[in-house]
Amino acid sequence: MSFLKPKTHIEQGDIVILYLSVNSMHAIEAVPTIVNKKGETIQHVFQTNYGSLKVESIIGVEYGSRVELSKGWANVLQPTPELWTQTLPHRTQIIYTPDISMILHQLEVRPGAVVIESGTGSGSLSHYILRALKPTGHLHTFDFHEARADQARDEFKRHGFATYVSVYHRDVCNLGFSTELDGAADAVFLDLPAPDLAVPHAFKALKLSGGRFCSFSPCIEQSQRCIQELTKLGFNEICSMEVLQQESVIKTRSLPVIDLEFLKLPKTNESSTPNAEETKTPKELKKYLTSSNPQTLPGHTGFLTFATLPPNIPKA
């Protein structure tokens with residue numbers, strides 16, 4: 001249950017992030033034995049680029065500690081949604097932190113909120129939503145693929161989120177979110193090939209007091225069709241954006257200091273000019289900390305379409 005709250009020590013059954021480097025992290029389950037493909041119970045040994053780890057040895061170890069591998073060492077970290085996004089098993093293409101941070105902000109996800117999500121996919125966004133809405137909120141997440149829905153349900157249970165999430169196997173574009181959720185949601189998020197087909201169902205699911213809507217689409221045509229449906233149903237504050245993460249390049253630059261004192265000297269006549277001794281550039285250099293844009297820009301991720309449903313819109 002290592003996702004639920006901060007912990008000091010690793011307990012048996014915890015999900016632990018084995019941190020080797022920024023680009024090399026692994027999520028492992030802290031159990032002493034596992035069952036192999038032949039159905040045999042064997043010792044749990046995890047292999048890395050720096051050698052093997054006997055997983056039993058990390059049980060009881062303090063989170064953040066350095067642990068020895070057969071050819072090096074690693075750190076054991078408590079999982080967060082950010083770390084889980086970088087290590088989770090991919091069942092589908094996932095949404096990453098830059099887009100997720102904007103989605104949570106725009107949907108106003110907070111403790112006590114009721115959020116509907118479709119589709120669940122690999123559960124990357126779901127973990128962020130669950131962290132934001134617990135302990136009194138609830139996530140209803142839908143996926144049309146039965147195996148993915150079952151895998152996500154099992155994953156949430158193992159991570160300790162079962163109380164805060166309900167997972168459904170359902171085609172929401174054709175069947176909606178079910179009548180039980182009509183007027184129940186504070187926010188609706190869609191990650192679907194044809195989000196415009198699910199917009200009327202999202203309209204029904206949002207509370208009579210209003211709510212927020214978001215759709216993630218890789219193509220602008222999907223976003224355009226979604227916006228048309230949102231406009232027909234009375235949504236306002238509609239906008240579409242693309243979030244691109246860009247790091248500034250920080251460098252120390254040395255620049256020469258030019259002595260301009262000669263400009264203060266009175267001129268004897270109109271044609272007088274400073275001599276070479278007065279205008280020469282001194283060898284003194286001054287260091288400045290500068291910031292510039294990287295030479296390569298990040299690639300396209302997807303378009304986020306946001307909208308607000310005003311209160312008391314008739315839904316008949």
Hey, does T252 have a side-chain heavy atom less than 4.5 Å from the side chain of T290? no
Output the distance between atom [atom1] ([X]) and atom [atom2] ([Y]), rounded to the nearest 0.5 Å.
X: D171; Y: F144; atom1: CG; atom2: CZ; value: 8.0 Å
X: S292; Y: R253; atom1: OG; atom2: CZ; value: 6.0 Å
X: I129; Y: L107; atom1: CD1; atom2: CG; value: 7.0 Å
X: T120; Y: D143; atom1: OG1; atom2: CG; value: 4.5 Å
X: L20; Y: W73; atom1: CG; atom2: CH2; value: 9.0 Å
X: I28; Y: H44; atom1: CD1; atom2: NE2; value: 6.0 Å

- prompt: Is the OH atom of Y50 crowded by more than 12 outside heavy atoms at less than 6.0 Å?
  reply: no
Open item on the list: Quick check on H90: does its NE2 atom have over 12 non-hydrogen neighbours (other residues, nucleotides or ligands) under 6.0 Å away?
Closed with: yes
Across all chains, not counting sequence neighbours, the ring-ring contact (aromatic ring centres under 6.0 Å, His included) partners of F177 are F142
Any donor and acceptor pair, going by atom type alone, linking the side chain of [X] with main-chain N or O of [Y] inside 3.5 Å?
X: S65; Y: V61; value: no
X: H140; Y: S166; value: no
X: S291; Y: S248; value: no
X: R148; Y: E146; value: no
X: S101; Y: T97; value: yes
X: T92; Y: G121; value: no
X: R170; Y: G176; value: yes

>> Assigning hydrophobic clusters by single linkage (Ile, Leu, Val, Met, Phe, Trp, Tyr; side-chain heavy-atom cutoff under 4.5 Å), is Y96 placed with W84?
In response: yes
Exactly one candidate in H159, Q78, K7, H9 meets side chain to side chain donor-acceptor pair (under 3.5 Å) with D14; the answer is K7
Search all heavy atoms of [X] against all heavy atoms of [Y] and return the closest pair with its distance.
X: I15; Y: Y63; answer: O-OH, 4.1 Å
X: E82; Y: Y128; answer: CA-OH, 3.1 Å
X: A74; Y: L69; answer: CB-CD1, 4.1 Å
X: T87; Y: A27; answer: OG1-CB, 3.7 Å
X: V55; Y: A30; answer: CG1-CA, 3.8 Å
X: L285; Y: V257; answer: C-CG2, 4.4 Å

Whether R158 engages the ring of F161 as a cation-pi pair (distance to the six-membered ring centre under 6.0 angstrom, angle to the ring normal within 45°) should be assessed. no
Across all chains, not counting sequence neighbours, the side-chain contact (heavy atoms from CB on, under 4.5 Å) partners of T33 are T41
Sequence neighbours excluded, the answer for side-chain contact (heavy atoms from CB on, under 4.5 Å) partners of T163 is none
For a quick test of your reading: what N or O donor-acceptor pairs under 3.5 Å do the side chains of residues 209-225 make, sequence neighbours left out?
| residue | atom | partner | partner atom | Å |
| --- | --- | --- | --- | --- |
| R212 | NE | Q106 | O | 2.8 |
| R212 | NH1 | A307 | O | 3.4 |
| R212 | NH1 | T308 | OG1 | 2.5 |
| R212 | NH2 | Q106 | O | 3.4 |
| R212 | NH2 | Q106 | OE1 | 2.7 |
| Q222 | OE1 | C219 | N | 3.0 |
| Q222 | NE2 | P193 | O | 2.8 |
| S223 | OG | S240 | OG | 3.1 |
| S223 | OG | T305 | OG1 | 2.7 |

- Salt-bridge test for D154 and K157: reply yes if a basic N is under 4.0 Å from a carboxylate O, no otherwise. no
| query | Hey, mind stepping through H127 and F156 against side-chain contact (heavy atoms from CB on, under 4.5 Å) and telling me if it holds? | reply | CA-CA 8 Å; H127 280 74; F156 293 139; 3.7 Å; yes
For residues 33-62, the salt bridge (Lys or Arg N to Asp or Glu O under 4.0 Å) pairs (sequence neighbours left out) are none
Any side-chain donor near an acceptor of the partner, S122 and R91, under 3.5 Å = no
Let me see the working for H26 and T48 under side-chain hydrogen bond (donor to acceptor under 3.5 Å, both in side chains), right down to the final yes or no. CA-CA 9 Å; H26 307 277; T48 76; over 6 Å; no
Quick note, side chain to side chain donor-acceptor pair (under 3.5 Å) partners involving residues 180-205, not counting sequence neighbours, are S178-E180, D186-K207
